[in-house]
Student: 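Please read through the structure below; I'll follow up with questions.
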Amino acid sequence: MESESEPYVRLASLRQLHQVMADMNTARSLADTLQTVANGVVTALGYELACVNLVRPDGDLVVAAFSGNQAAEALITGRVGSRESWERRLSMGETWGDLVFIPHTEGWILDDDDVPQWYTDGPAPRFEDEWHPSDRLFAPMYTPGVQGGQCGELIGVLSVDRPRNGRRPGAWGREALQMYAFQAAIAISNARLRSNMQRALVRLEREQQALRASEESFRQAFEYAPSGMAIAEMGGDQHGRILRTNDALCRLLGRPASAMRRYSFSDLVHPEDIGTLLRTSAEGGRAELRLGRRDGTYVWVSLRNSVVADAADGPRFLLTHVEDIEERKRRELQLAHRASHDSLTGLPNSAELRSRLSSRLCQRPTHSGALEPVDAAFGHPAFDAGGHGFDFRQGGAEAFDAFDHHVHTVAPEGERDDGTKGLAVLFCDLDGFKSINDRFGHNAGDAVLIEVARRLSQCVRDGDTVARLGGDEFVILADGLGKADAADLAVRLRNEIIRPIRAEGRAVRVGASFGIGWAHCGMTADEVLKSADERMYVEKRSRPKQHRRAG
């Protein structure tokens, strides 16, 4: 820059300063901006050396750019001066507006601080305003938009040295350096903002790429999952409506994806499983229930739910995993059936018979208030209409009130049919079965038992129970019969049994003896069966041997 002693400033110098300021604001990066600032001091303001000290996040200042001397640049660029040392420098010396000038007469006290600096050699000043090699001139740079300069936040300091004309800057030179520092602060702030925006854009793009990759991974995992997947709406009027399904679920239910979007799971679930579904609609809920297929059949599935939440609106969707467990349920039912049914005939076994019989009987107290005996394995406590239990040992009328909710099983009394309908227990023992086993083998005996079971099942009503007690003994539970009805049923069953049976390629015959017992509350299942068994033996002994056997 031309000397202030001249009566005017060259227009070329002003153009050069304007160009430097333009370059500062068009630099591509923060590093380029800082270097442009340092270069502009040398090319446009007439100093031989310029250094940009930038405030770091920790408050200390680092030499971020240097211009004018490559050796000095290599020596101090990147070095750090403490904030304390810089504040001491900016608070001493002479203030020229926003500038700080420390003459060589005072600067010696700063020689040992930690601020990076470059020492230049030269002769001692020959006149008053001549620049001394140890003079220091600093131009603080503050955040823009704050009136008064120093009221803003310090973002850096420009340090300059060795004016080309050898003189300390005059009024115009000081004003130019101060203005330049102000514009440099704006350029550096803008460059930082652009740099932060660029980093934010890069980070956002990476996050978006990660999100797209995550969404694509989810889409592929959803679409190609081997088990059923569905996304349902949460909240609002359309709560539970299915929004999306994968191919596996569509194949499982035999419904196209377009049709699935018309339903919610409550529309598809078996009516008996609605309560189970409602209890499972929360996050992490699991349930095993039946869903309806397009052909009207139902399939057992396992549902597992996860809530998909939105950062702003909270839970938005319900992600449901649907696993086909039809085969497992079938095996479980088969195991349960095997546990409660005879493996040969398929009839309920002894344990199932006793369970069904016990479910009809209750413990009735005696008139003294004591509790009559009950089979511990099959008896159950009594409750009133509100579900409250009673201690029958207390006695009194409350004990009898405990049975008000229960329809008591009663038995006909006397030898004649008095019109009372009860639960008849027909105990059947095959006559002549042992001889078939002995003569023709156990395969023939098994064939006879299977056929007898079939004939007994065909002769009873729906709801009656035909069970195999063991060996060649069968029991029929028939509810709502009078004495005459039970006797007629026994005759019909006997007539069915005595018809010839094909076993091992030959026709064989067996007879049957029936004992009719009656179940009533206060008895145990074993007591009822024992009563029918005793009556069967009475009936068997009362008939001639030739009538009991059927060859």
Side-chain angles (χ1 to χ4, degrees), residues 1 13 16-17 19-83 85-86 89-90 99-102 104 107-108 110-123 131-141 154-169 173 176-178 180-192 194-195:
M1 183 63 62
S13 298
Q16 191 175 29
L17 182 61
Q19 182 61 47
V20 168
M21 290 183 178
D23 292 342
M24 285 192 304
N25 289 287
T26 56
R28 299 182 60 181
S29 65
L30 176 60
D32 289 346
T33 300
L34 295 172
Q35 190 60 51
T36 302
V37 169
N39 293 341
V41 175
V42 174
T43 59
L45 295 180
Y47 295 91
E48 294 184 7
L49 299 176
C51 179
V52 179
N53 302 274
L54 193 65
V55 176
R56 301 193 312 180
D58 62 3
D60 293 339
L61 280 75
V62 62
V63 177
F66 195 94
S67 183
N69 187 302
Q70 293 183 351
E73 180 179 0
L75 179 66
I76 68 175
T77 300
R79 293 176 58 188
V80 177
S82 67
R83 183 64 174 261
S85 297
W86 271 108
R89 287 176 176 236
L90 298 180
L99 306 180
V100 175
F101 174 72
I102 303 176
H104 65 278
W108 62 271
L110 303 176
D111 289 343
D112 295 328
D113 69 10
D114 61 357
V115 173
Q117 53 190 341
W118 175 260
Y119 295 96
T120 59
D121 297 326
W131 184 269
H132 189 276
S134 295
D135 288 342
R136 294 175 175 86
L137 179 58
F138 304 117
M141 297 180 292
L154 182 71
I155 63 173
V157 178
L158 279 176
S159 58
V160 299
D161 195 12
R162 291 166 50 180
R164 288 196 180 93
N165 61 10
R167 295 177 178 273
R168 294 176 183 177
L177 180 59
Q178 183 172 304
Y180 186 84
F182 179 77
Q183 293 297 325
I186 295 176
I188 293 172
S189 296
N190 290 339
R192 276 181 166 171
R194 288 194 301 272
S195 178

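Along the sequence shown, residues carry numbers from 1.
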Student: State the CG-OG distance between L49 and S159, to the nearest 0.5 angstrom.
Tutor: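 Taking CG in L49 and OG in S159, the distance rounds to 9.0 Å.
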Student: Does any part of the side chain of V62, heavy atoms only, come nearer than 4.5 Å to the side chain of R79, both counted from C-beta?
Tutor: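 Answer no - side chains too far apart.
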Student: Can you list the residues that meet the side chain to side chain contact (heavy atoms under 4.5 Å, CB included) rule with D135, with sequence neighbours excluded?
Tutor: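 With neighbours one apart ignored, the set is F101, P103, H104, W131, H132, R168.
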Student: Roughly how far apart are C51 SG and L34 CG, rounded to 0.5 Å?
Tutor: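 Reported value, rounded in 0.5 Å steps: 10.5 Å.
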Student: Kindly indicate whether the side chain of V37, heavy atoms from C-beta on, has any atom under 4.5 Å from the side chain of L158.
Tutor: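 In contact.
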Student: So, for P140 and A181, which heavy atoms are closest and what is the spacing to 0.1 Å?
Tutor: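 Distance-wise, the nearest heavy atoms are O-CB, 4.0 Å.
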Student: So do L137 and D161 actually touch side chain to side chain, heavy atoms under 4.5 Å?
Tutor: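 A side-chain contact under 4.5 Å is absent here.
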Student: Considering all heavy atoms of both residues, which atom of L154 and which atom of M141 are nearest to each other, and what is their separation?
Tutor: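 Looking at all heavy atoms of both residues, the closest pair is CD1-O, 3.5 Å.
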Student: Sequence neighbours left out, what passes side chain to side chain donor-acceptor pair (under 3.5 Å) with S29? Give chain and number order.
Tutor: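 Testing S29 for side chain to side chain donor-acceptor pair (under 3.5 Å), a comparison that skips the adjacent residues, returns D32.
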Student: Does one side chain, of N69 or E73, offer a donor that lies under 3.5 Å from an acceptor on the other?
Tutor: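 Per modelled atom types, N69 and E73 side chains form no pair under 3.5 Å.
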Student: Centroid separation under 6.0 Å, is that true for the rings of W118 and F66?
Tutor: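 No - the distance between ring centres of F66 and W118 does not fall below the 6.0 Å cut-off.
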Student: Once you round to the nearest 0.5 Å, how far does OG1 of T33 lie from CZ of R28?
Tutor: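 The CZ atom of R28 is 11.5 Å from OG1 of T33, to the nearest 0.5 Å.
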Student: Is the backbone of S85 close enough, under 3.5 Å, to the side chain of D113 for a donor and an acceptor to pair up by distance?
Tutor: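 Not confirmed, D113 side chain does not pair with S85 backbone.
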Student: Please report the C-alpha distance between L45 and L177 in whole Å, then the side-chain angles of each, then the deciding distance to 0.1 Å, and finally whether the side chain to side chain contact (heavy atoms under 4.5 Å, CB included) criterion is met.
Tutor: CA-CA 7 Å; L45 295 180; L177 180 59; 3.7 Å; yes
Student: What pair of heavy atoms forms the shortest contact from V100 to R89, and how long is it?
Tutor: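 Of all heavy-atom pairs spanning V100 and R89, the closest is CG1-O, 3.7 Å.
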Student: Could you walk me through whether I102 and F138 pass the side chain to side chain contact (heavy atoms under 4.5 Å, CB included) test, one step at a time?
Tutor: CA-CA 8 Å; I102 303 176; F138 304 117; 3.7 Å; yes
Student: Quick check for you: to the nearest 0.5 Å, what is the distance between Q19 atom CD and T43 atom OG1?
Tutor: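 One finds 10.0 Å between CD of Q19 and OG1 of T43.
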Student: Are R164 and V42 close enough that some pair of their side-chain heavy atoms sits under 4.5 Å apart?
Tutor: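 Side-chain contact under 4.5 Å: yes.
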Student: Taking all non-hydrogen atoms of both residues, which atom of G81 and which atom of W86 are closest, and how far apart?
Tutor: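 Heavy atoms of G81 and W86 come nearest at O-CD1, 3.9 Å.
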Student: Any side-chain heavy atom of L30 within less than 4.5 Å of one from I188?
Tutor: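 The answer is yes; the side chains approach within 4.5 Å.
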Student: Determine whether R83 and L61 make a side-chain contact, defined as any pair of heavy atoms from C-beta on separated by less than 4.5 Å.
Tutor: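 When only atoms from C-beta onward are counted, L61 and R83 do touch, with a gap below 4.5 Å.
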Student: Name the one of D60, D114, D58 that satisfies side-chain hydrogen bond (donor to acceptor under 3.5 Å, both in side chains) with S82?
Tutor: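 That would be D114; it is the only one of D60, D114, D58 passing the side-chain hydrogen bond (donor to acceptor under 3.5 Å, both in side chains) with S82.
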